[in-house]
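Encoded as structure tokens, the structure appears first; notes follow it.
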Amino acid sequence: MAANSSLALLKRFIGEALSHKRTLAIVVASIVGSALATLAPPYILRIAIDRYILANNYSGFLVVALLYLASLVAQWFFATLQTFYIEVFGQKVLRDLRARLHEKVLHSSLDFFKDKSTGDLVSRIVNDTGIVNDVLVSGLLGSLGSLLSLIGIIIAMLLLDVKLTLVTLTSVPLMVIVAYYFGGKMRRAYRETRQKIARISSVVEESVAGVETIRAFGRESDVEREFSKVSRETIKAYLRVAVYMGLFWPLMNITSLLSVIVVIAYGGYLAYQGAVSVGVVVAFIQYAQRFRGPINEVIGLYDSLQSALAALERIYEVLDDENVEDYSGREVERLKGEIKFEDVWFEYENGVPVLKGINLHIPPATKVAVVGKTGAGKTTMANLIMRFYDPTSGKLRYDGIDGREISRKSLRKRIGYVPQETYLFPGTIMENILMANPEASEEDVIRVCKQLGVHEFIERLPQGYNTSAGEAGKLLSVGERQLISLARALLKDPDIVILDEALSSVDPKTERLVQDAMLRLMEGRTSIIIAHRLGITRFADKVVVVDGGKIVEEGSPEELLAKKGHFYRLYTSQMGEV
Amino acid sequence: MGDSIHQLKRLLGYLRDHKLHFIGGLAIVLIMSYTNGVIPVLIREAIDQGVTTGEYRLAIRYALLVLLVAILNGAFSFGGRYLLVKAAQHAVYHLRMDAFRAIQRHRMEFFDRTYSGQLISRITNDTERITRFLSFRVRMFVYSVFLIIVSLYYMARMNRALTGVALLTIALVVALNTTYAKKVRPIYDEVRHQTGVIASVSTGSIAGVKTIKALSVEEEIQGKFQEENEELYTLNVQATKITALYGNAPFLVMGIAMSVMLYYGGRAIMGQNLTVGELTAFLAYMLTMTWPLRALGFTIGDIQRSLAAASRLFEVIDSAPEHIDPPDAVELTNPRGEIEFRDVYLTYHTGKTVLKGLNLKIRPEEKVLITGPPGSGKSTLLKLIARFYEPEKGEVLIDGVDVRKIKTSCLRKIVAYVPQEPFIFNRSIRENIALAKPDASLEEIIRAAKIAKIHDFISSLPDGYDTVVGEKGVTLSGGQRQRIALARALLLEPKIILLDDPVSNLDAKTEESLIEDLRDILEGKTAVIVSQRLSMARLVDRVIVMVDGRVVEDGKPEELAEKGGLFSEMLGRGGWNGG
Ligand SMILES: Nc1ncnc2c1ncn2[C@@H]1O[C@H](COP(=O)(O)OP(=O)(O)O)[C@@H](O)[C@H]1O
Ligand SMILES: Nc1ncnc2c1ncn2[C@@H]1O[C@H](COP(=O)(O)OP(=O)(O)O)[C@@H](O)[C@H]1O
Ligand SMILES: [Mg+2]
Ligand SMILES: [Mg+2]
């Protein structure tokens, strides 16, 4: 990462974080207060020893002791304030970042998801934001305090005695070297343990999610071997951390004691010469032991800055991605259900056209069946109707209006779409259906399910509509999931429905019953059904055969069968002779 | 309490051959806390005997002594830490392996009940906590207690009254820290849990993004996320409040104590009852004890929780069946491939009874198509043959032997099962197909892929068979996953092959040629195929229609088609696949 770009990254982040001004003001005040309060006690101690205790000065000693108390209380007070407000500030920044990321993901177009895995995106929302908070908010603010107290300590020492200060400071470079050398190594070793733990968790995850397949193919011992291997590697990683930590802390301790030793030796000599007082030496011994914390913290921050910047970069990468859906445009209240593809070309990847000049007119209230080989472009056509993508060239018209002018949101509200891969959210069946229409009641759900003939399938489940779907629907049979997604799409009371191989795991009879019921419900509205079981094409007003991104045949099923073209060949190959 | 001790004993039992490391580590820590306690004493001597009196040679001698002790202390600290970490890591390794093996022995029902996130958390978070307990917490406990004792001893030798102050302070601070640990830990647990919720909501939003957009419910989903997000924020602020108040309170107590010491100590010095060095030492002891006291509080607050983590793991271990195979399990050599269901009952943990006394016999080398409405138990039937679930009553037999009595390793060789939603590992396609036969040659793999009608797709990928698929690689459609899984099964050459809905996403043309190829491949094998594509009937000798867990029709495809029952209704007016 180039220095100036990380600086720009930081600047932008700080600029955004400044929105919580009040909290930040309190934070800064408490940091300054805290730094000042840390310095006072040794100074007061020195005065107490030199001017009162050793001078046998009873009068006023109580005041000095109370002053000492006051400085310690102040130290506590500011520390409390600082702990609380730094964290609150950080959590606010963190909460905003997470919300922005999640919203961004929801508003991104499907292109955005093409090269990203779910786990990676989730990790950006959960882990990367956490790192940014730990390092750039708590860390930065915390070490600001450390830096201040370090400077303060040095100033206080200089005020007491310059020579002794210089001598005391000789151990500082040593401390910096130790902290820098081991700090880096330690954090890297520590990071490695995190990676190993992440490996363990992905092995467990895979062995749980893939348990059926692992058992079906007798791979248990291999999985166990792999688990044992990563577990052993974890031990190694932790032992490495133990070695570095084991060296680091004693070394820091020794270097810090070195200052004390120097102060004793040299201070002793100076005191013997009468150049400094005993109280000064005692105060120096106390100061010398206070370097360790701040130096450690500042260097630690510097080291973790790189990983925080990397995390920040990953966050901004998502926030800045330009593949967002534009929700502006004309609001449509209702659609008559006319759809027109006008010389539509479409490519997912530049230069690879998937749809090649589609012209198709779907008049209002028609039932259309779209058939064709896998990869022909059927789902792509549905994607375009849903405006998940817009045509590369050409137009889609809804009731004569160019699709690009209609707001995506209002368009989708009017279309019920059941995708090829159904997805059920964790929760009950009722919750899953209900989410389609926030205004619908549970009665509406039951009514729609009854009308579709899905009701009895749901009622057969142990808790009926309150049966839990489980993670991604795993507690339901695949066919049941498809029926539920269909009910969900129809709860919207849409003007157009699109079923994309939506009932492929449902038996033909149920499919026919459910589909007929749906078509009855959709009477006077438009239905588009993509399917491989060609039997269902008989209901259609129009059959469209797609091949290689083009429409190769179009017409009523009878016409096409009589024509003995593409459709006839497909049909007979699957259904036997007509 | 007795329970806790029992759990602690069981946990310590995992130390096994690292017991000596553990005990040795603790002994070294004990010595270390002594050397650590001595340092302030030496500093005091340096001040009193050297600096104050002007005997700076003596001061230097003491200074060097401090250095020597510090080095010794460092060596002990290193040794103690290393030995304890080593012992703890090995103990937890064994515990982890036990838990993982137990998970592998568990029945499928266990996985239906448990969210995968929970299991991952057992194996990672809970074991981490136990490691921390066995290495860090135990070390800090011994160290802190002993250091406090040593410090108190030296303090008592210097001045009784001040030691009393120190003692009182220690008691207060330990109490405060223990309360702090007890209060903050549950909230941190909630924070962790809530973070998990945020992760799972995000996962749902991302995995279901197409559904969300199609339903146009982005706002509602974002609203739900905001709620959880706000909850996480509130929990974090709550934790911070406790940390700020209780975590810092000991500093206040210490501050007051140190002021009292300064005042009375100062008076004592003036009264010739104490030396400056001694007072400095007292104050130094108080500072030195700050962290041990905190550690002590945390350790006390953590014992219960670490043991709870251990008991959660023990529960996973104890609830697993001891062995997957009964002791009298047999090998089937030269299986004929006969399958029989004898009065089989099955109820899932949700309370759904799927099979109620199923009787069914499939002859060796017979090809059977099973069809029926959703939820009728077709997939369940296949899972019973593959022994993923066990009937609560009745038996499933292969060649007349109860599948529960067949050695698992043997059963897996005889039976290949392609689930309805197969799992694709995050590896190359080649490795995925060669799952059960890692030494398969590329030719074999390609042959299987060709029959499964996935070869053309794989060759169209830039990296071909080496393309990594799954979460981090190319994402496959459901149909593609199924065909890769089919290739997987075909590579195995099993006697019995179970296919669950293998062609649901195949177009008519590809389906046609797949059926042709399967015909040869299935020669000499028993095949049970669940499908809603009734064109598969052309491949089989027998069709079974299931409704509600019962076989309602059973016979040759042509016969059933004529019979006028459910199967012919499914077929409808025209040829295969209804109209
Ligand atoms: N998101 C995508 N990015 C790139 N190519 C895609 C994407 N989705 C589909 N394709 C390609 O577009 C073609 C048509 O796919 P699709 O419309 O899904 O076919 P169908 O639904 O008819 O099986 C296929 O070659 C497929 O590989
Ligand atoms: N793991 C499971 N836990 C609880 N219920 C299940 C589980 N798997 C399936 N079911 C229920 O058992 C019934 C039969 O399921 P299944 O055999 O998958 O049906 P299908 O005939 O559609 O394959 C369904 O009602 C389904 O909801
Ligand atoms: Mg498709
Ligand atoms: Mg099924």
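Lettering follows sequence order; numbering is per chain, from 1. A quick note: this is a predicted structure, and the numbers were derived from the prediction, not measured.
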What pair of heavy atoms forms the shortest contact from A:E501 to B:S504, and how long is it?
OE1-O, 4.5 Å
Counting only non-hydrogen atoms closer than 4.5 Å, does A:S410 touch chain B with its backbone (N, CA, C, O), its side chain (CB onward), both, or neither?
neither
Can you tell me which portion of A:Y238 sits under 4.5 Å from chain B's heavy atoms? Options are side chain, backbone, both or neither.
both
Strictly distance-based, threshold 3.5 Å: is any side-chain N or O of B:E128 a donor or acceptor partner for the main-chain N or O of A:I197?
no
Side chain, backbone, both or neither: which part of A:L239 has an atom under 4.5 Å from a heavy atom of chain B?
both
So, the part of A:R95 with a heavy atom under 4.5 Å from chain B: the answer is both
Axial cation check for B:F388 ring with A:R215, 6.0 Å and 45° limits:
no
Option in A:Q463, A:Q82, A:M245, A:R408 with maximal non-hydrogen atom pairs under 4.5 Å from chain B:
A:M245
Dump the intermediate steps for side-chain hydrogen bond (donor to acceptor under 3.5 Å, both in side chains) on B:D501 and A:S505, then the final yes or no.
CA-CA 7 Å; B:D501 215 6; A:S505 293; 2.6 Å; yes
Region of A:Q420 that comes under 4.5 Å of a non-hydrogen atom in chain B
side chain
Exam field: side chain B:K413 to backbone A:G218, donor-acceptor pair closer than 3.5 Å:
no
Taking A:V260 as the fixed residue, which of B:I43, B:V66, B:L67 is the one that meets the side-chain contact (heavy atoms from CB on, under 4.5 Å) rule?
B:I43
side-chain hydrogen bond (donor to acceptor under 3.5 Å, both in side chains) assessment of B:S205 paired with A:H102:
CA-CA 8 Å; B:S205 304; A:H102 188 263; 2.8 Å; yes
Which atoms of A:V243 come close to chain B, meaning under 4.5 Å heavy atom to heavy atom: side chain ones, backbone ones, both, or neither?
both
Region of A:R232 in contact with chain B, defined by heavy-atom distances below 4.5 Å
both
Pick one of side chain, backbone, both or neither for A:L251, based on which atoms fall under 4.5 Å of a heavy atom in chain B.
neither
Please determine, by modelled atom types, if A:T234 and B:Y93 share a side-chain donor-acceptor pair under 3.5 angstrom.
no
State plainly whether the residues B:E569 and A:R512 are in salt-bridge range, i.e. N to O under 4.0 Å.
no
Please determine, by modelled atom types, if B:N229 and A:R98 share a side-chain donor-acceptor pair under 3.5 angstrom.
yes
In terms of heavy-atom pairs under 4.5 Å, which option from A:I261, A:L461, A:T467, A:V211 contacts chain B the most?
A:I261
Side chain from CB out, backbone as N, CA, C, O: work out which of these in A:L106 comes under 4.5 Å of a heavy atom of chain B, or both, or neither.
both
Quick one: what part of A:A79 sits under 4.5 Å from any heavy atom of chain B, side chain, backbone, both or neither?
both
Can you name the closest pair of heavy atoms from A:A436 and B:V217 and give their distance?
O-CG1, 4.3 Å
Just give me the residue among B:A214, B:A70, B:A59 that pairs up with chain A most often, heavy atom to heavy atom, under 4.5 Å.
B:A214
Do you know which of A:I53, A:L72, A:V282 has the most heavy-atom pairs under 4.5 Å to chain B?
A:I53
Any chance you could lay out the side chain to side chain contact (heavy atoms under 4.5 Å, CB included) test for B:I123 and A:F227, step after step, and finish with the verdict?
CA-CA 11 Å; B:I123 299 275; A:F227 183 77; 3.6 Å; yes
Residue A:F457 versus chain B: region with a heavy atom under 4.5 Å:
side chain
Between B:E230, B:K509, B:K378, B:Q226, which residue shows the highest count of heavy-atom pairs closer than 4.5 Å to chain A?
B:E230
Does A:Y269 OH have over 12 foreign heavy atoms under 6.0 Å away?
no
So which residue, B:A207, B:G351, B:S77, ends up with the most heavy-atom pairs under 4.5 Å with chain A?
B:A207
Between chain B and each of A:L258, A:V241, A:V223, A:T537, count heavy-atom pairs under 4.5 Å; write down the option with the most.
A:V223
In terms of heavy-atom pairs under 4.5 Å, which option from B:A386, B:A46, B:A199 contacts chain A the most?
B:A199
Can you tell me which residue among A:I254, A:L257, A:N253 is in a side-chain contact (heavy atoms from CB on, under 4.5 Å) with B:N73?
A:N253
To the nearest 0.5 Å, atom CZ of A:F217 lies from atom OH of B:Y417 at 10.5 Å
When rounded to the nearest 0.5 angstrom, what distance separates CZ in A:F84 from CG in B:L245?
8.0 Å
Part of A:T510 within contact of chain B (heavy atom distance under 4.5 Å)
side chain
For A:L69 against B:I256, the heavy-atom pair lying closest together
CD1-CA, 3.6 Å
Against chain B, label A:I285 side chain, backbone, both or neither, depending on which of its atoms sit under 4.5 Å from a heavy atom there.
side chain
Using atom types as modelled and distance alone, determine if a side-chain donor or acceptor of B:R533 lies under 3.5 Å from a backbone N or O of A:R533.
no
Just by modelled atom types, is the A:L110 backbone N or O under 3.5 Å from a matching donor or acceptor in the B:K213 side chain?
no
Just checking, is any N or O donor in the side chain of A:D507 or B:Q532 under 3.5 Å from an acceptor N or O on the other one?
no
With respect to chain A, which residue among B:I71, B:T211, B:I60 yields the maximal number of heavy-atom pairs within a distance under 4.5 Å?
B:T211
Contact winner vs chain B - A:K474, A:E480, A:M386, A:R412, heavy-atom pairs under 4.5 Å:
A:R412
Heaviest contributor of heavy-atom pairs below 4.5 Å to chain A, chosen from B:L279, B:I212, B:V260, is B:I212
Would you say A:K492's side chain and B:S216's backbone share a donor-acceptor pair under 3.5 angstrom?
no
Which one of A:T83, A:I49, A:N57 has the most heavy-atom pairs closer than 4.5 Å to chain B?
A:T83
Do B:D507 side-chain atoms and A:T374 backbone N/O form a donor-acceptor pair below 3.5 Å?
yes
B:T240 backbone acceptor or donor facing A:E87 side chain under 3.5 Å
no
Segment of A:V126 engaging chain B (4.5 angstrom heavy-atom cut-off)
side chain
Is the closest basic N to carboxylate O distance between B:K210 and A:E421 below 4.0 Å?
no
